Structures are given as C-alpha cells and as structure tokens.
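All values reported here derive from a predicted model rather than from experimental measurement.
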Amino acid sequence: MKNILSLFSIVAVLFSTVAFATDVTSNESKQIDWSTLNEHVQVKEIANPFENLEIEQIRMLQQVAIVDDITASGQEIDAESKKLADTARKTLADQGIDIKSMFKIREEIITQREQEFQSTNPALDNQNIEMSGFLLPLEFEGKKIKEFLLVPYVGACIHEPPPAPNQIVYAKLKTPVEPPSLSMFTAIKVNGLMKSELVSPELNLVDGAKQIPTSYTLTVDSVEFIEPNK
C-alpha cells in the first residue's frame, strides 16, 4: 500500500482542490459537527489494480510516471532516466500490463481520494458556524492563543497521522484569548466564519515542526472552553 501511495504522491501536486464558492452569508450560526464537514462526499468504489502488482512492477510504473510527468511539464529529462523508463515500459508491456490503462485508473483513484479527504462542503463556505472540538495551539501572543487547529479527537496530529485535511479546521481568533491552561487538546466550542481554503499551517512539536494540511479556515468570533466531564 505504501508503494501505491508513493506512486500517487508523484503526481498529487498536479492536482488542485476543487474550489466551491457561494455568495450566501448568514448572520446566524449554523450548528455543525465533524460529519458536516464531509457530508457532501459521495464515495465511489474503484477497483484498485495496483494491489495485485509485485513491488518491482510498482517500482517500474513509478519510473515511467516520473519521466512522463517531467516530460508533460516541459522540463528536460536526462538520458539515464529516460533509458530506465523505456526499459521499465517494455518490461511491463511484456508482462501484459497496460500502462496507459493503469495510469488512467490511478488518476481516477487520486481524484476520488481528493474528493473524500480534501474537498470541502460547499454549504459551509463563507457561513457562520458553531462547532465543538479540541484545541491544538499554533501561535501565542504572550499567554493568549492567536491561532490553533481545531481537531476532532485528542491525539490528532501528534500521536498518530493527522486526520484528513477536510477533518481539520485552521482557526484564527479575532481577539486572542487566554486559555484556562496551556495543555493541548482542550475541549472547546467555537463560533465564527468558515471558509474553504487549503492551507498548511506549521505545528511545532517537541521533536520538531511539521505542516498540517487543512481544507477549512475559521475566523473565530468567540471560543468557549469546556470543563472536563461537563
């Protein structure tokens, strides 16, 4: 599976998020939960032919994909890379693998994955919303929080891979607030203006920093810190 994901990542940057826009802005806050963020997604099952390939076949497809993508972008390709790709292309063809068909399915799978995990709900764009989650601080002003990630569960982005970008909200407070404690994953309820915007704010951790892709941004009007067990 890792090899397949690696193969997909080669061209993922060529795709952009489908942007949804709406002129409708309501002054009333719409109460939503985490399922609202991706309720627009229509899951389509696509047979994955890469699951039946050997690792070496995946590697050769990767070589071909790299050269094809570089060529398509108008950049020059070095002779050694082209030779490796040509050899891989012939070997795969001899093994009965239809590269063109495989790459077409790859694009369908990438598009489907982006729809599932990265696209945003058009009904939420430019709308005032209220939702609950857990606060992961990003930036402080003294002891006050200026920016944070709103995540659906404790441990998200730190102790395990981050949730899908459309399951994370990048929040900016209009007025920084001082939390009751500086601990991570404080339960909160927020109110503000939601927008569809793919960004990757940097999260600083003990062992370094990493960028967390998010599909939503929220300009926070108010935040309520929820006491434990409340």
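Shown here for Ile105 and Ala47, the closest heavy-atom pair between the two residues is CG2-O, 3.9 Å. Smallest separation of non-hydrogen atoms from Ile168 and Pro213: CD1-O, 3.9 Å. Between Val169 and Thr217 the shortest heavy-atom distance is CG1-C, 4.4 Å. Contact between Ser215 and Thr120 at its shortest, heavy atoms only, is O-CG2, 3.3 Å. Pro137 and Leu203 get closest at one heavy-atom pair: O-CD1, 3.8 Å. Listed here is the closest heavy atom pair of Ala88 and Gln63: CB-OE1, 3.5 Å.
Under the 4.5 Å side-chain criterion, counting only non-hydrogen atoms from C-beta, Ile212 is not in contact with Tyr170. Residues Val177 and Val223 are in side-chain contact: their nearest non-hydrogen atoms beyond the backbone lie under 4.5 Å apart. Counting only heavy atoms from C-beta outward, the side chains of Ile97 and Gln57 approach each other to under 4.5 Å. Looking at Pro176 and Ile145, their side chains never come closer than 4.5 Å, going by heavy atoms from C-beta outward. Put simply, the side chain of Phe148 reaches to within 4.5 Å of the side chain of Leu173, judged on heavy atoms. At least one side-chain heavy atom of His40 sits under 4.5 Å from a side-chain heavy atom of Pro122. Under the 4.5 Å side-chain criterion, counting only non-hydrogen atoms from C-beta, Ile188 is not in contact with Phe134. Using a 4.5 Å heavy-atom cutoff, the side chains of Met60 and Thr91 are in contact.
Within the cation-pi definition used here (under 6.0 Å to the ring centroid, within 45° of the axis), Arg113 does not qualify as a partner of Phe117.
Electrostatic pairing of Lys100 and Asp68 does not count as a salt bridge here, judged by no charged N lying under 4.0 Å from a carboxylate O. Salt-bridge annotation for Glu178 and Lys144: absent, with no side-chain N of the basic residue lying under 4.0 Å from a carboxylate O of the acidic one. Between Lys90 and Asp86 there is no salt bridge, since none of the side-chain N atoms of the basic residue sits less than 4.0 Å from a carboxylate O of the acidic one.
With no hydrogens or angles considered, no side-chain donor-acceptor pair links Gln112 and Glu108 at under 3.5 Å. For the residue pair Ser81 and Asp78, a side-chain donor N or O sits within less than 3.5 Å of a side-chain acceptor on the partner. Between the side chains of Asn191 and Ser222, no donor N or O sits under 3.5 Å from an acceptor N or O.
In the hydrophobic cluster analysis, where Ile, Leu, Val, Met, Phe, Trp and Tyr join through side-chain heavy atoms closer than 4.5 angstrom, Ile77 is grouped together with Ile66. Taken together through direct or relayed side-chain contacts under 4.5 Å among Ile, Leu, Val, Met, Phe, Trp and Tyr, Val199 and Leu149 form part of one hydrophobic cluster. Cluster membership check: Val41 does not share its hydrophobic cluster with Ile32, using side-chain heavy-atom separations under 4.5 Å among Ile, Leu, Val, Met, Phe, Trp and Tyr.
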Practice item. Show your reasoning for whether side chain to side chain donor-acceptor pair (under 3.5 Å) applies to Thr36 and Asp33. Key: CA-CA 6 Å; Thr36 315; Asp33 58 29; 3.2 Å; yes
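Sequence neighbours left out, not one pair with a member in residues 184-205 passes salt bridge (charged side-chain N to carboxylate O under 4.0 Å, His left out).
In summary, of the residues considered (Val43, Asn166, Asn38), a side-chain contact (heavy atoms from CB on, under 4.5 Å) with Glu116 occurs for Val43 alone.
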